[in-house]
Amino acid sequence: MKTIVISLLKGGVGKTFFATHLAWYLAEKGGRRVAFIDLDPQGSSTRRLAKERTGHFSADLFDPDETLALDDAPGITVFGADPRLQMVKAAQDVHDFIVRFRGLADHFDYCVIDTGPKWDELTLSAMAVADEVIAPVQVAEDSLECAKMLLTALKKAEAARGGRKVNFLGLLPSMVNTFDKRDMQNAVKLTQAVGPQMMFPAFVTARPTYKHSAENHHAVWHEKGSGAKAASEEIRSILAEVEKRVEARARETA
């Protein structure tokens, strides 16, 4: 099972959009079994994936006494957020999650984990089991500070993993207005500050169609009307590159 975590220690940067689209993209290739774990107590991904296979809860992965009945069915299986996530506060909770998470590997080919906007035991748990991490980031004036916070968090996670490195796929500029001079200047400043090697080689353009797909709780390639084709082609090319890098990494470590 390949585990991809979508994380940045800030809200409103497009994590839910990207995480749900990554799950939809991975699952559409026949027979793939994709687990989606929502570790954001706000539960935006859970609501957006309501049409997928539901009934499991991410909080159960922190509870050794809960029974997980998994049927190995293809498609997306959602481990949804519920109020119990707010009770995850202790180091033992992180340990219990890591142990319980290992049991998913026999049932799924991929796991996508959406995280909240702060560094806590939930985010640490996600980082502790990640194979890859990608970070959607808005190209605002504080984006550099957010990037620095994430890189610090990755180092903390690696310490919790016994020094095992997290493969960071990069910062992915999200909802970029290409007609806004300041947005483009901020994107250049971010790249110069962290270095090109820390950036994902693409960005997600600000498009009304993306907002519409979120409101309709389905992937942008199911949208109709003007702009849908261009939006679909853009996000699919980014998701394909993520998949390519994940698969290449898996072959290297096999």
Side-chain angles (χ1 to χ4, degrees), residues 2-23 25-26 110 112-115 117-119 123 126-159 161 163-207 210 220 230-254:
K2 307 170 187 71
T3 302
I4 309 158
V5 172
I6 290 76
S7 186
L8 190 76
L9 305 183
K10 184 180 180 181
V13 295
K15 292 192 299 292
T16 294
F17 168 83
F18 193 79
T20 52
H21 274 78
L22 179 58
Y25 177 84
L26 293 172
Y110 290 90
V112 177
I113 304 181
D114 190 15
T115 60
K118 61 181 180 179
W119 179 254
T123 302
M127 296 290 195
V129 300
D131 293 315
E132 271 79 26
V133 174
I134 188 167
V137 58
Q138 287 187 336
V139 287
E141 291 183 358
D142 64 348
S143 57
L144 177 57
E145 190 60 33
C146 292
K148 290 179 178 178
M149 291 169 60
L150 176 67
L151 296 178
T152 299
L154 286 172
K155 291 180 180 179
K156 290 182 179 179
E158 288 171 353
R161 293 154 59 100
R164 185 166 61 93
K165 295 290 185 182
V166 178
N167 185 32
F168 184 52
L169 296 176
L171 297 164
L172 173 65
S174 182
M175 307 308 168
V176 178
N177 184 348
T178 56
F179 298 102
D180 186 325
K181 183 178 179 180
R182 178 168 292 184
D183 260 18
M184 301 311 293
Q185 288 175 338
N186 285 337
V188 171
K189 289 179 181 178
L190 178 62
T191 302
Q192 291 174 338
V194 302
Q197 73 279 3
M198 298 300 294
M199 302 296 296
F200 193 83
F203 60 83
V204 181
T205 309
R207 299 174 185 269
Y210 290 145
V220 71
S232 176
E233 290 176 349
E234 177 183 77
I235 194 64
R236 277 187 178 278
S237 68
I238 295 171
L239 297 170
E241 182 62 24
V242 170
E243 180 188 23
K244 176 183 174 182
R245 292 180 177 216
V246 169
E247 293 296 337
R249 176 75 169 183
R251 289 192 296 270
E252 290 174 1
T253 57

*Can you tell me if D131 uses its side chain to pair, donor with acceptor, with the backbone of T3 under 3.5 Å?*
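At least one qualifying donor-acceptor pair exists.
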*Check: K118 main-chain N/O paired with T123 side-chain donor or acceptor under 3.5 Å*: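 Present.
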Looking at every non-hydrogen atom in both residues, tell me the closest pair between [X] and [Y] and how far apart they are.
{"X": "M127", "Y": "L154", "answer": "SD-CD2, 3.8 Å"}
{"X": "E158", "Y": "R164", "answer": "CG-O, 3.5 Å"}
{"X": "M199", "Y": "P173", "answer": "CE-CG, 3.7 Å"}
{"X": "T16", "Y": "T20", "answer": "O-OG1, 2.8 Å"}
{"X": "R245", "Y": "P201", "answer": "NH2-CG, 3.2 Å"}
{"X": "K15", "Y": "P136", "answer": "CA-CG, 4.1 Å"}

*How many angstroms lie between OG1 in T191 and CD in Q197, if you round to the nearest 0.5 Å?*
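Interatomic distance, T191 OG1 to Q197 CD, rounded to 0.5 Å: 10.0 Å.
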*Under 6.0 Å between ring centres, would you say that holds for H21 and Y25?*
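That pair fails the under 6.0 Å test.
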*Apply side-chain contact (heavy atoms from CB on, under 4.5 Å) to R182 and N186, showing your working.*
CA-CA 6 Å; R182 178 168 292 184; N186 285 337; 3.6 Å; yes
*Check L22, T115, I113 against I6 for a side chain to side chain contact (heavy atoms under 4.5 Å, CB included) and give me the one that passes.*
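Testing each of L22, T115, I113 against I6, the sole residue satisfying side chain to side chain contact (heavy atoms under 4.5 Å, CB included) is L22.
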_Partner of L169 under side chain to side chain contact (heavy atoms under 4.5 Å, CB included), chosen from L172, V166, N167_ =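 The option that passes is N167.
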*Taking only residues two or more places apart in sequence or in another chain, which ones pass salt bridge (Lys or Arg N to Asp or Glu O under 4.0 Å) with E233?*
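Residues passing salt bridge (Lys or Arg N to Asp or Glu O under 4.0 Å) with E233: none at all.
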*asked:* What verdict does the side-chain contact (heavy atoms from CB on, under 4.5 Å) test give for V194 and K148, after you've listed the backbone C-alpha separation in whole Å, the side-chain angles of each residue and the deciding distance to 0.1 Å?
replied: CA-CA 8 Å; V194 302; K148 290 179 178 178; 6.0 Å; no
_Just to verify, what does F203 make a ring-ring contact (aromatic ring centres under 6.0 Å, His included) with, not counting sequence neighbours?_
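For F203 there are no ring-ring contact (aromatic ring centres under 6.0 Å, His included) partners, ignoring immediate neighbours.
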*asked:* Tell me every residue that passes ring-ring contact (aromatic ring centres under 6.0 Å, His included) with F18, counting only those two or more places apart in sequence or in another chain.
replied: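 Result, ring-ring contact (aromatic ring centres under 6.0 Å, His included) vs F18: none returned.
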_Applying side-chain contact (heavy atoms from CB on, under 4.5 Å) to L150 and F168, what does each step give before you reach the verdict?_
CA-CA 10 Å; L150 176 67; F168 184 52; 3.8 Å; yes
